[in-house]
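Okay, so here's the structure we're looking at.
Not measured: the values here are computed from a predicted model. Note on naming: letters A, B, ... go to the chains in the order of the sequence lines (proteins, then strands), and numbering restarts at 1 for each one.
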Amino acid sequence: MDLKDKVPQHPSFTQHQQKWEDPSILDYSTRIGSPFLAFNQSHTSMLSDNRIKAPVQDGVVNQLVQASKVQDWDPSAMLDNLSFLEQKIHQLQDLVHLIIGRKGQVLGRPDELVVQQQQLVTADLTSIIVQLISTAGSLLPSGKHTLPAATPSLEQSGQFGGVVFPSAQGPLNDGFQPQNAGGSKVSGLPNSVDISRKNGNEQNHIIEEHELKDEEDVEEGESLIPGTYEILQLEKEEILAPHTHFCTICGKGFKRDANLRMHMRGHGDEYKTPGALAKPNKESGSEPTIIKRYSCPYTGCKRNKDHKKFQPLKTILCVKNHYKRTHCDKSYICSRCNTKKFSVIADLKTHEKHCGKDKWLCSCGTTFSRKDKLFGHIALFQGHTPAIPLEEAKAPAGPSDQGDGNQSTNKVGSMNFNFSSNVSSESEVQSSTDIKGSIDDPAGYFSPLSFDTCNFGGFHEFPRPPFDDSESSLAFLLSGSCNYPQKSED
Amino acid sequence: MSQESIGNTVGASNNVNRNATNINLQDVIREMDRLLQQRLRPMEERIEQLEEISLEGQLSQRRHNSECEEEYDGEIDDEQAYEQATRQGLRQQEPRHQRARPRYKLPVLSGFLNSTQTPMKKQKQDNPFNLVAEEIIFIILDLLNRNSLAIKSFSLVCKSFYAVESKHRCSLKPLRQERLPALLSRYPNITHLDLTLCSRVSDASLSLVSHSCASSLRSIDFSRTPLFSTYGLLRLALNCKNIVEIDLSNATELKDSALAAVAEAKNLEKLSLARCKSITDMGVGCVAVGCRKLRFICLKWCFGVGDLGIGLLAVKCKHLCFLDLSYLPITNKCLSSISKLQHLEELILEGCFGIEDDSLAVLKHGCNSLKSLDVSTCQNISHNGLPSLINGALGLRQLTLAHGSPVTSSLADCLRKHSMLQSVKLDGCFVTDDGLKTIGNWCASLRELSLSKCLGVTDEGLSSVVTKHRDLRKLDITCCRKITDASIASITNSCKSLTSLRVESCTLVTREAFVLIGQRCHLLEELDLTDNEVDDKGLKYISRCSELSSLKLGICLNITDEGLIHIGKGCSKLVELDLYRSEEITDSAILAIAQGCPGLEMINMAYCKYITDRSLLSLSKCPQLKTLESRGCSLITSLGLKAVAVGCKELTKLDIKKCHNIDDAGMLPLARFSQNLRQINLSHSSVTDIGLLSLSSISCLQNMTILHLKGLTPAGLAAVLLACGGLKKVKLQATFRWLLPLRLVQYLESRGCMFQWKDKVLQEKLDPKCWKLQLEDLMP
């Protein structure tokens with residue numbers, strides 16, 4: 001995916017054009033710049049007073065970033081930030097008032113106009129809120145700066161895009177980044193650090209197991225020597241945003257820049273010029289580029305640049321897929337088996353292609369498409385045994401085999417139930433001892449009842465090899481139906 | 001019974017009663033043994049008298065009850081079968097310490113001694129043996145174990161003896177599953193159940209077994225009985241908690257689900273799955289996970305099992321000490337996990353074509369515990385890979401490289417460090433002189449050397465080995481066609497303690513050389529001279545080997561009655577004699593053998609055309625005779641057969657193919673007296689429907705070959721097949737396939753009977769000389 005194509009070329013944005021042509025930042029800034037574009041554009045059209053303020057804000061933010069780069073925590077910069085927030089909140093208030101006022105006036109008017117105006121207002125609202133959040137995030141005192149080579153323009157654009165790049169490196173920005181970003185946790189720092197750290201570590205195991213999927217995406221990147229490449233880190237919102245390209249006029253979001261350009265043609269003839277329709281910055285590809293790699297914002301993750309064995313992600317797509325797979329709920333459920341859950345829709349589609357063809361079944365209910373994976377799984381865990389498919393068991397004779405098969409299906413059912421439910425850490429301990437007990441009791445072990453105690457906490461019981469060696473045999477833990485992030489939030 | 005085995009038994013019971021008694025059981029046993037020798041017979045007689053006095057009512061009633069008699073008949077079969085099992089050494093393996101024995105007291109012993117010596121009438125009780133602790137009777141029964149008839153008669157003496165015998169028996173080999181309920185209720189302490197003779201075993205029988213022997217059963221053998229399902233196995237595995245051994249060999253229809261059932265037997269230590277062709281990695285995986293205590297597993301010919309299953313087995317079952325992976329499609333991948341097994345002693349990789357030289361490097365540092373290694377017929381293992389395989393296992397005792405790469409000095413060099421190596425088998429390899437010399441130099445404690453069908457073995461090479469290893473016990477030089485008298489001379493010169501020598505088809509060895517064998521190797525127990533130039537003079541010297549138990553003289557055209565008369569006089573311990581196509585033999589030779597060797601169990605007189613009924617008459621004096629092959633002896637008649645049937649009660653295998661003079665008159669006495677007959681070949685004889693039908697009274701009969709019987713009609717055949725309920729295998733002419741009703745065939749097959757349809761055309765009689773020449777053409 002060539003990200004350079006997606007830099008929007010907008011006449012009203014000339015001040016940034018210059019900087020964006022710098023190839024070193026293109027990949028990143030284009031994407032994150034887009035929301036800002038929308039914001040800026042909406043201001044030009046809607047709120048005339050804001051148009052004047054915009055450059056000032058730029059300057060403020062710039063200073064702010066510079067300051068925070070030089071100093072870990074500068075009270076004056078913080079004050080500036082706070083006043084900026086105040087400004088923004090006022091803007092927000094105005095907007096909301098505007099909306100309310102409109103609603104009162106609009107009653108008798110034609111619908112189209114109302115819809116258009118509402119769209120514009122919503123787009124404005126969005127961009128302001130994004131700015132608010134990002135600035136609030138920058139209020140947090142930042143400890144480290146692991147981004148030595150960041151250019152001012154990058155920071156600037158990052159700032160505009162609502163991403164707080166340098167300040168996001170703070171020790172607090174671990175597993176609880178989303179909540180913390182609101183700035184509500186500025187007080188009571190030491191305690192929250194400890195707790196969150198712990199949780200982060202606890203989840204690390206599982207997170208890294210799942211990581212293996214992404215490694216396939218970044219084969220080349222692994223051999224890079226640290227320091228020879230630039231590390232970029234996106235924010236959670238950025239990663240999870242459904243659309244990265246927004247129409248500056250109506251605010252409609254698009255996943256691809258090309259689609260946005262096609263859309264823009266509908267807004268007027270000025271967007272139909274060859275210059276506006278061409279892929280932006282095509283020629284810049286010839287210049288030597290600094291290799292860029294991406295870091296996951298999730299602290300404790302192996303893909304986070306603070307991790308000891310940090311392994312960078314190669315592209316933004318990798319970041320997105322990684323973040324969704326590893327740190328997000330699995331909301332897509334396979335409609336065929338109603339068992340497997342995915343957080344990336346492409347994974348679901350891939351699975352659906354093979355769903356039902358997984359003939360290698362373990363007694364724990366996990367299915368495998370390859371026999372060697374099943375045997376690797378069984379070799380690893382005590383008490384797991386290959387489950388003979390029902391059809392075969394039925395074939396030779398009568399009632400026993402059916403019973404056998406029923407048993408195995410029961411197992412599957414009960415396991416699924418358990419996987420989807422979350423448990424507190426206390427019950428984890430208990431359940432792991434339960435599993436021990438049930439192993440000792442051979443008769444009861446495979447009955448569905450005893451499996452009720454087998455939840456994910458129980459898996460801490462099992463010996464865990466170094467992740468580098470484990471290949472994908474462990475991937476089943478997460479490829480199944482468990483929800484770790486959810487658990488951590490409890 | 002030897003003192004040693006008694007000692008073992010006592011050791012076992014001692015463990016149980018260690019705290020309960022201070023008596024030296026060893027002495028008691030010796031005393032018992034002595035008593036047994038002197039008094040058992042008179043004792044039995046006395047007891048019989050006694051029972052007539054005191055127990056006449058019940059016992060006579062029992063005797064005259066026809067139902068009971070029938071039951072006893074059935075048990076006779078079982079006794080015989082059981083006896084057979086004992087002979088095969090099956091029973092010696094299981095200790096009987098499971099049984100809870102009554103506390104043993106010295107006064108009881110004295111009481112017992114008194115009771116046998118003093119008149120019984122002083123006792124108030126009906127039976128003086130009520131005073132004798134069961135413990136002592138058990139010991140007596142242990143001593144009687146070899147003689148099933150004795151145990152049988154013991155149990156028939158009186159009620160209490162019957163009860164004691166029921167408690168004592170721990171091994172059972174029933175003939176028909178229909179008898180299982182009665183047998184199992186009679187014998188509550190069965191630990192070993194051998195169902196190989198049952199033509200079919202239903203799930204109902206298995207669940208019966210699992211209920212009645214729930215805690216006692218330790219070992220069960222299903223090999224050759226394929227008709228049972230997963231359900232029965234599951235019941236067995238779940239109910240019999242103490243089961244440690246299951247033999248499922250030849251269950252070709254067995255599926256993975258059955259193995260999943262077997263996996264429920266958590267204490268299983270020994271599992272044989274040879275020729276279970278339908279099982280796959282999944283089933284083996286179940287067993288690997290379920291049976292963690294597994295020590296012995298045989299997966300020979302399980303073609304569906306591959307690297308994954310074996311790898312998992314090696315990972316999960318850490319205690320494995322015997323692993324038979326013959327003819328499995330395994331490759332290098334599972335070898336590394338096998339090499340990590342700490343207790344592995346015996347590894348058989350025969351015919352594993354997927355294993356290559358490169359992979360064997362994995363084994364360099366593993367398998368220290370390995371004692372026996374078999375890499376026969378592994379085509380992809382050459383002299384490059386073998387060293388790494390062998391060098392890893394320094395404790396190796398036994399090495400089999402049959403049908404493999406040429407044995408050169410470089411290959412033999414890797415045996416340098418193996419001073420423990422006792423047995424080397426190189427059957428079918430190309431062996432160079434240098435290779436043999438190197439083996440001779442390195443293997444310090446060699447006891448057994450097998451060079452059967454090895455090309456390239458010369459006098460020089462063989463002599464260099466045998467002169468270095470004077471303690472050699474077993475030597476096999478079958479079909480080493482280059483060796484001459486010189487080799488025999490050096491063998492007999494240096495290896496005087498040989499117990500087994502096989503010299504089959506060494507055509508360059510002259511008749512004089514065999515004299516040397518008889519002169520020098522007096523300890524020989526087994527001698528194979530098939531297809532050699534040995535003559536009467538040679539046999540005369542060989543008759544000095546008084547320990548000889550097995551002698552094979554097939555196709556020795558130079559021998560006559562004179563030589564065999566010497567053998568009959570000298571080798572009184574002869575058990576097995578093969579005279580196949582030694583055509584000069586006549587009745588007088590057989591007479592001498594029958595008189596001189598009372599323990600004869602097997603004799604092959606096939607195609608000895610001068611043999612008549614007189615031979616059979618003389619053989620009828622050998623009570624132990626089990627196998628009689630007189631194929632193509634056209635002079636023998638039904639009369640001779642009758643004599644054998646009456647005299648040899650133990651007869652289990654009879655081959656009278658091409659005995660044209662044997663007709664229905666011979667079958668009737670056979671049906672009447674040979675109740676142990678299990679296998680019969682009647683092809684080309686004059687037997688008709690009626691004779692065959694009479695055979696149905698032999699309940700043991702399992703295997704019948706009836707080709708080219710002129711008097712056989714389809715209707716008669718159908719009646720015979722229906723009447724012989726225990727049949728497992730029948731060879732018939734293919735023409736009958738379409739003459740028999742299809743439903744009958746299906747019914748018989750569901751009963752466990754297997755049909756082999758032969759459509760071989762009747763061949764002209766082969767001249768033995770011409771036959772021999774053909775053989776030589778085949779093997780230059």
Self-check item: Residue part contacting chain A, namely of B:R292, when any heavy atom lies under 4.5 Å
Solution: side chain
Quiz item: Between A:P386 and B:M282, what is the shortest heavy-atom contact and its length?
Solution: CG-O, 3.6 Å
Quiz item: Which heavy atom of B:C286 sits nearest a heavy atom of A:I388, and at what distance?
Solution: SG-CD1, 3.9 Å
Practice problem: Please round to the nearest 0.5 Å and tell me the distance separating atom NE2 of A:H377 and atom CG of B:L312. | Solution: 11.0 Å
Quiz prompt | Spacing of A:W360 atom CH2 and B:D281 atom CG [to the nearest 0.5 Å] | solution =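 Those atoms lie 7.5 Å apart.
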Quiz item: Any chance CD of B:E749 has more than 12 other-residue heavy atoms, nucleotides or ligands included, within less than 6.0 Å?
Solution: yes
Quiz item: If you draw a 6.0 Å radius around CZ in B:R295, do more than 12 non-hydrogen atoms from other residues or ligands fall strictly inside?
Solution: no
Practice problem: Could you name each residue pair satisfying side-chain hydrogen bond (donor to acceptor under 3.5 Å, both in side chains) that touches residues 296-319 of chain B, not counting sequence neighbours? | Solution: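 As it turns out, the side-chain hydrogen bond (donor to acceptor under 3.5 Å, both in side chains) pairs with a partner in residues 296-319 of chain B, which skip direct neighbours, are B:D307-B:T331.
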Practice problem: Report yes if the side chains of B:V289 and A:Q382 come closer than 4.5 Å at any heavy-atom pair, otherwise no. | Solution: no
